[in-house]
Trainee: 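Here you go, one structure.
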Amino acid sequence: KMNKPLILGEYAELRGHNGDTVERDKVYKLVLDKAEELNMPGTNFWMLIHDDYEPYDDGCGVFYPKDTSTIALIEEAAAKVNK
C-alpha cells in the first residue's frame, strides 16, 4: 500500500550438530521461495563467511565456498531477483 520495497533481513538457522546444512537448507529454501512468491526485491541472510574465518562463526554463518548446498540456494534466488 505504501509502494515501498520490503527486504527481509538477518534470518538464519544453525548448522546441525555435526556441521551439516540439511536443516538450514530447508529453512533457507522456505524463506527464499516465500520471498519470491511475495515478489520481494531481496533478502539478507546472516552471515556470509569465507572458509578461512571459521573462528568468527556463531553457528549460523554460511561458509564460502564450503557450504555448497546453501550457496547454491542463495545463488539461485539471487539470479531470479536479478533477471
Side-chain angles (χ1 to χ4, degrees):
K1 290 180 180 183
M2 296 174 63
N3 200 26
K4 300 286 183 181
L6 175 65
I7 297 175
L8 175 63
E10 296 189 2
Y11 60 91
E13 176 67 26
L14 290 167
R15 279 186 305 285
H17 69 279
N18 61 356
D20 71 60
T21 62
V22 174
E23 292 304 314
R24 178 180 68 193
D25 288 350
K26 289 177 186 176
V27 171
Y28 275 42
K29 179 153 179 45
L30 178 72
V31 169
L32 294 168
D33 286 351
K34 188 53 115 171
E36 180 184 9
E37 177 187 321
L38 296 174
N39 202 29
M40 294 177 75
T43 68
N44 298 314
F45 62 92
W46 177 264
M47 78 179 145
L48 183 64
I49 308 171
H50 188 274
D51 291 349
D52 293 341
Y53 291 90
E54 194 164 335
Y56 296 101
D57 184 32
D58 61 1
C60 294
V62 176
F63 286 102
Y64 185 87
K66 181 174 74 176
D67 290 341
T68 56
S69 60
T70 309
I71 296 296
L73 289 170
I74 295 165
E75 287 176 339
E76 180 182 335
K80 291 176 183 176
V81 171
N82 292 317
K83 60 180 172 174

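Since the model is a prediction, treat every value here as computed from it, not as a measurement.
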Trainee: Does Y64 share a hydrophobic cluster with V62, counting links as ILVMFWY side-chain heavy atoms below 4.5 Å and allowing steps through other members?
Mentor: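 As far as the 4.5 Å side-chain criterion goes, V62 and Y64 are connected within one cluster.
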
Trainee: When rounded to the nearest 0.5 angstrom, what is the spacing between CG in D33 and CD in E76?
Mentor: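 Here the interatomic distance stands at 8.0 Å.
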
Trainee: Is it true that, when you exclude N3 itself, more than 12 heavy atoms of the residues, nucleotides or ligands shown sit nearer than 6.0 Å to its CG?
Mentor: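 For N3, atom CG is not crowded (no more than 12 foreign heavy atoms under 6.0 Å).
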
Trainee: I need the minimum non-hydrogen distance between D67 and R24, along with the two atoms involved.
Mentor: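 Between these two residues, the closest heavy atoms are OD2-NH2, 3.0 Å.
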
Trainee: Would a 4.5 Å heavy-atom cut-off, applied to side chains only, mark L8 and K34 as touching?
Mentor: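 Sidechains of K34 and L8: no contact.
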
Trainee: Just do the side-chain hydrogen bond (donor to acceptor under 3.5 Å, both in side chains) check on D25 and S69 with the steps written out, would you?
Mentor: CA-CA 7 Å; D25 288 350; S69 60; 2.4 Å; yes

Trainee: Do V31 and F45 come within less than 4.5 Å of each other through their side chains, counting heavy atoms only?
Mentor: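 In short, these two side chains do not touch, never coming nearer than 4.5 Å.
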
Trainee: Could you work out, with ring pair (Phe, Tyr, Trp, His ring centres under 6.0 Å) as the rule, every residue matching Y11, not counting sequence neighbours?
Mentor: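 Expected list: Y28.
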
Trainee: Rounded to the nearest 0.5 Å, what separates atom CG in D52 from atom NZ in K66?
Mentor: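 Going from the CG atom of D52 to the NZ atom of K66 covers 10.5 Å.
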
Trainee: Quick one: do V27 and I7 end up in the same hydrophobic cluster if we chain Ile, Leu, Val, Met, Phe, Trp and Tyr together by side-chain heavy atoms under 4.5 Å apart?
Mentor: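 V27 and I7: separate clusters.
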
Trainee: Just how far is it from atom CG of N44 to atom CD of E10, taken to the nearest 0.5 Å?
Mentor: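 Answer for the CG-CD pair, N44 versus E10, is 7.5 Å.
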
Trainee: Any link between Y56 and W46 through a network of hydrophobic side chains (Ile, Leu, Val, Met, Phe, Trp, Tyr) touching at under 4.5 Å?
Mentor: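 Yes; W46 is reachable from Y56 via cluster members.
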
Trainee: Which residue, L48, T70, D51, forms the side-chain contact (heavy atoms from CB on, under 4.5 Å) with F63?
Mentor: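 Only one option passes, and that is D51.
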
Trainee: Describe, in one word, how the ring planes of H50 and Y53 are oriented to each other, choosing from parallel (under 30°), tilted (30 to 60°) and perpendicular (over 60°).
Mentor: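 Taking Y53 first and then H50, their aromatic rings stand perpendicular (interplane angle over 60°).
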
Trainee: Taking all non-hydrogen atoms of both residues into account, name the closest pair between P41 and V81 and its distance.
Mentor: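 For P41 versus V81, the nearest heavy atoms are O-CG1, 3.1 Å.
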
Trainee: Can you name the nearest heavy-atom pair linking L14 to C60, along with the distance?
Mentor: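 Taking every non-hydrogen atom into account, CD2-SG, 3.5 Å.
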
Trainee: Please determine whether residues I49 and I74 belong to a single hydrophobic cluster, defined as Ile, Leu, Val, Met, Phe, Trp and Tyr linked transitively by side-chain heavy-atom distances below 4.5 Å.
Mentor: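 Per the 4.5 Å side-chain linkage, I49 and I74 are not co-clustered.
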
Trainee: Taking all non-hydrogen atoms of both residues, which atom of L73 and which atom of L32 are closest, and how far apart?
Mentor: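 Scanning both residues completely, I find the closest heavy atoms to be O-CD1, 3.8 Å.
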
